[in-house]
**Q** 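Sharing a structure with you now.
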Amino acid sequence: MIKILSATQIKEADQYTIEHEPVLSVDLMERAAEAFTSVFVSSYSVESSVYLFCGFGNNGGDGLAIARLLQQKNYRTTVYLLAGDQQYSPDLQVNLSRLQQIDASAVHTITDEADFPAIEHDAVIIDALFGSGLNRPLSGLPAKLVGYLNKQLCIRVAVDIPSGLFADRWSSGDVLMAHHTITFQQPKLSFLFPENAMTAGRLDIVSIGLHEGFLQAVTTDHFITEQKDIRMILMNRGKFDHKGKFGHAFIHAGSLEKMGAAILCGKACMRAGAGLTTLLAGETTVATLNIAIPEAMTMTLGTRHKKSINRDAFSAAGLGPGIGTGKSATTALLALMKNMTVPAVFDADALNIISRQKKGMRMLPVNSIITPHLKEFERLAGPTYNWQDRHELQLKLSKQHSIYIVLKGAYTCITTPEGISYFNPTGNPGMAKGGSGDVLTGIITGLLAQHYDQLNACLLGVYLHGLAGDLAMEKESEQSLLAGDIIASIGAAFNTLSAEQ
């Protein structure tokens with residue numbers, strides 16, 4: 001797991017490394033500059049003009065060190081340093097002196113708007129104005145400079161974090177809109193939310209050699225999953241295993257006009273490895289399922305089985321995709337929930353029905369998994385006005401109701417009853433299409449049926465879903481990718497996770 005640290009913890013990690021490695025702070029700054037430069041030179045041509053903007057503190061010192069390293073690699077680099085009442089940090093002053101020893105005229109001072117330079121359209125701007133230690137919105141000359149840089153028709157690359165963006169809380173002021181952020185050592189929480197997609201851009205995480213002892217010991221409630229973590233979760237199958245060992249999944253999905261949801265969910269459940277799968281459908285639609293998924297079993301809403309989703313018959317349940325929200329759909333869902341004793345996933349219309357009930361989320365069985373997209377989450381939990389409020393509310397509801405919430409999107413966020421959040425790195429914009437969520441519900445249900453616990457079913461299911469989407473993208477495009485393509489690539493995703501490294 002990649003730990004996501006707060007701005008305070010990032011500062012503590014730097015200081016611990018300086019004291020316990022030990023290393024001079026200016027030498028740690030040099031490591032950061034070298035790490036940034038390594039990614040930069042592999043991404044941008046030496047023919048590009050580079051305009052580098054530096055602030056008062058250590059982020060500005062990073063920028064001055066980067067400017068020197070780029071000049072040594074023959075980049076045409078021009079540096080602009082903010083002037084003002086604030087005193088420059090000691091390490092910035094060291095790097096300013098080092099750069100001026102190479103080229104005394106390399107640094108220009110910005111004292112007011114008249115000093116803002118004209119910038120070539122094919123240039124690259126490097127933003128080293130303010131780092132993760134920023135604790136208030138930009139104002140005055142820095143805010144005006146950021147606004148000016150955002151208007152330039154050229155590439156903007158941020159050093160560690162775009163200026164004006166807070167590392168772990170909502171940013172209300174001006175923020176540099178970076179196309180590319182090269183961040184140091186650990187990702188920042190704010191990078192992982194849709195509101196900041198236009199600020200961070202492409203993200204590269206580079207090590208600057210912070211003390212491993214500190215990084216291992218520091219505690220956090222926020223993580224990004226890695227493939228090695230998912231490999232450890234994946235269960236191996238034995239030669240004499242049989243279908244009974246891999247559980248029996250129950251899926252309630254689809255309606256007369258939305259049978260595709262049931263087909264996608266059921267197929268994904270089976271591809272995820274469930275030993276047996278039974279789909280509940282209306283009498284007029286059950287034939288469609290029997291033809292579309294001959295490997296699955298079916299039962300109709302009119303049978304006595306509709307109120308017996310228990311451990312004697314099934315090992316997991318998935319409910320909601322495409323069932324509708326009318327009176328009959330509501331009655332059927334509430335009846336199923338009332339007598340259900342197996343681990344369950346609730347999605348789509350199941351969540352919409354629950355959101356309309358007087359008791360709402362209190363109706364969910366303990367340790368249930370819900371998989372809302374942003375609008376479904378809002379219907380359940382009420383409106384929020386920024387990513388920080390929404391994330392805190394997601395954590396609160398997971399703890400309050402003892403449920404797992406899988407909030408879908410880029411960097412899908414899984415929150416647990418213990419108040420931990422896990423962000424998923426797999427997936428791509430091509431998956432933003434109808435049916436992708438039905439596939440995820442099927443995958444997680446299939447894993448629950450095989451007796452993965454709720455947390456591991458969420459972690460593996462979300463990662464597998466995104467990885468299958470990424471593998472499908474190798475054959476398709478962001479425009480043409482379909483939910484069925486994700487299902488077709490689930491096997492390849494399993495093989496990727498199982499492959500020897």
**Q** Just checking, any donor-acceptor pair under 3.5 angstrom between side chains of Thr278 and His248?
**A** yes
**Q** Check whether the ring centres of Phe193 and Phe423 lie less than 6.0 Å apart, and answer yes or no.
**A** yes
**Q** Output every pair passing salt bridge (charged side-chain N to carboxylate O under 4.0 Å, His left out) with a member in residues 250-271, not counting sequence neighbours, ordered by first then second residue.
**A** none
**Q** Does the side chain of Asp204 reach to within under 4.5 Å of the side chain of His180, using non-hydrogen atoms?
**A** yes
**Q** Ignoring hydrogens, what is the shortest heavy-atom contact between Gly273 and Phe246? Give both atom names and the distance.
**A** O-CB, 3.6 Å
**Q** Are the side chain of Ser368 and the backbone of Leu364 linked by a donor-acceptor contact shorter than 3.5 Å?
**A** no
**Q** Side chain to side chain donor-acceptor pair (under 3.5 Å): which pairs involve residues 423-442, sequence neighbours left out?
**A** Asp347-Thr441, Asn424-Thr426, Asn428-Asp470
**Q** If we ignore angles and hydrogens, is there a donor and acceptor under 3.5 Å between the side chains of Ser480 and Ser477?
**A** yes
**Q** State, yes or no, whether a side-chain contact exists between Phe36 and Phe184 at a heavy-atom distance under 4.5 Å.
**A** yes
**Q** What's the spacing between Lys399 NZ and Ile405 CD1 if we round to 0.5 Å?
**A** 11.5 Å
**Q** Please report the interatomic distance CG(Asn339) to CG(Leu334), rounded to the nearest 0.5 Å.
**A** 11.5 Å
**Q** Does CE belonging to Met235 count more than 12 external heavy atoms closer than 6.0 Å?
**A** yes
**Q** Are side-chain heavy atoms of Phe130 and Leu165 found at a separation under 4.5 Å?
**A** no
**Q** Could you list the donor-acceptor pairs under 3.5 angstrom formed between side-chain atoms of residues 166-179 and any protein atom two or more places apart in sequence or on another chain?
**A**
| from | atom 1 | to | atom 2 | distance (Å) |
| --- | --- | --- | --- | --- |
| Asp168 | OD2 | Ala7 | N | 2.9 |
| Arg169 | NH2 | Asn135 | O | 2.8 |
| Ser171 | OG | Phe166 | N | 2.8 |
| His179 | ND1 | Arg156 | N | 2.9 |

**Q** For the CD atom of Gln454 and the CD1 atom of Ile369, what is their distance to the nearest 0.5 Å?
**A** 5.5 Å
**Q** Output the distance between atom CD1 (Ile414) and atom OH (Tyr422), rounded to the nearest 0.5 Å.
**A** 9.0 Å
**Q** For Thr183 and Pro187, indicate whether the former's side chain and the latter's backbone hold a donor-acceptor pair under 3.5 Å.
**A** no
**Q** Does the pair Ile263 and Leu279 meet the rule for a side chain to side chain contact (heavy atoms under 4.5 Å, CB included), with working shown?
**A** CA-CA 9 Å; Ile263 293 167; Leu279 292 97; over 6 Å; no
**Q** Report the residue from Asn196, Asp160, Thr181 that forms a side chain to side chain donor-acceptor pair (under 3.5 Å) with Lys188.
**A** Asp160
**Q** Is the backbone N or O of Ala449 less than 3.5 Å from a side-chain atom of Ser315, with the two atoms forming a donor-acceptor pair by type?
**A** yes
**Q** Say whether, by atom type as modelled, one donor and one acceptor occur between the side chain of Glu378 and the main chain of Pro383 under 3.5 angstrom.
**A** no
**Q** Taking all atoms of both residues into account, what is the closest heavy-atom pair of Leu481 and Ala472, and its distance?
**A** CD1-CB, 3.4 Å
**Q** Does the Gln394 side chain pair with the main chain of Cys413, one donor and one acceptor, at a distance under 3.5 Å?
**A** yes
**Q** Side chains of Thr325 and Asn352: donor-acceptor distance under 3.5 Å anywhere?
**A** no
**Q** Give a yes-or-no answer on whether the side chains of Arg362 and Gln400 include a donor-acceptor pair shorter than 3.5 Å.
**A** no
**Q** Do the non-hydrogen side-chain atoms of Ile161 and Phe191 ever get within less than 4.5 Å of each other?
**A** yes
**Q** Do NZ/NE/NH1/NH2 and the carboxylate oxygens of Asp229 and Arg231 come within less than 4.0 Å?
**A** no
**Q** Spell out, as yes or no, whether a donor-acceptor pair under 3.5 Å connects the side chain of Thr285 to the backbone of Ser255.
**A** no
**Q** Are Leu440 and Lys408 close enough, and set up right, to give a side chain to side chain contact (heavy atoms under 4.5 Å, CB included), and what steps lead you there?
**A** CA-CA 10 Å; Leu440 177 61; Lys408 295 179 289 195; 3.8 Å; yes
**Q** Mind checking whether Cys154 and Glu120 have side chains closer than 4.5 Å, heavy atoms only?
**A** no
**Q** Provide the closest heavy-atom pair for Ile444 versus Ala457 in the form atom of the first, atom of the second, distance.
**A** CG1-O, 4.0 Å
**Q** Run the side chain to side chain contact (heavy atoms under 4.5 Å, CB included) check on Met361 and Ile403 step by step: do they pass?
**A** CA-CA 10 Å; Met361 294 180 69; Ile403 59 174; 3.5 Å; yes
**Q** Checking the side chain of Gln152 only, and the main-chain atoms of Leu149 only, is there a donor and an acceptor separated by less than 3.5 Å?
**A** no
**Q** Ignoring hydrogens and geometry beyond distance, is a side-chain donor-acceptor pair present between Tyr463 and Gln227 at under 3.5 Å?
**A** yes
**Q** Would you say the side-chain atoms of Ser48 pair up with the backbone N or O of Val50, donor to acceptor, closer than 3.5 Å?
**A** no
**Q** Within this structure, what is the CD1-OG1 distance for the pair Ile353 and Thr330, rounded to the nearest 0.5 Å?
**A** 4.0 Å
**Q** Is it the case that the side chain of Asp349 and the backbone of Gly324 share a donor-acceptor pair, with hydrogens and angles ignored and the cut-off at 3.5 Å?
**A** yes
**Q** Going by heavy atoms in the side chains, are Thr415 and Ile420 under 4.5 Å from each other?
**A** no
**Q** Could you go through Met270 and Ile293, starting from their C-alpha distance and side-chain angles, then the distance that decides it, and tell me whether this counts as side chain to side chain contact (heavy atoms under 4.5 Å, CB included)?
**A** CA-CA 10 Å; Met270 301 190 78; Ile293 320 176; 3.7 Å; yes
**Q** Which atoms form the tightest heavy-atom contact between Leu448 and Ala316, and what is the distance?
**A** CB-CB, 3.5 Å
**Q** Verify, without hydrogens or angle tests, whether Glu295 (side chain) and Leu276 (backbone) share a donor-acceptor contact under 3.5 angstrom.
**A** no
**Q** Looking only at non-hydrogen atoms, find the nearest pair between Glu226 and Ile2 and report the distance.
**A** CD-CG1, 3.4 Å
**Q** Taking C-beta and beyond as the side chain, do Cys265 and Val439 meet within less than 4.5 Å on heavy atoms?
**A** no
**Q** Does Lys245 come within less than 4.0 Å of Asp241, counting only side-chain N to carboxylate O?
**A** yes
**Q** Measure across Arg379 and Ser355 and return the closest heavy-atom pair with its distance rounded to 0.1 Å.
**A** O-CB, 3.5 Å
**Q** To the nearest 0.5 Å, what is the distance between CG (Asp453) and CG (Leu447)?
**A** 11.0 Å
**Q** Does any part of the side chain of Asn290, heavy atoms only, come nearer than 4.5 Å to the side chain of Pro294, both counted from C-beta?
**A** no
**Q** Could you tell me whether the side chains of Glu376 and His373 share a donor-acceptor contact shorter than 3.5 Å?
**A** yes
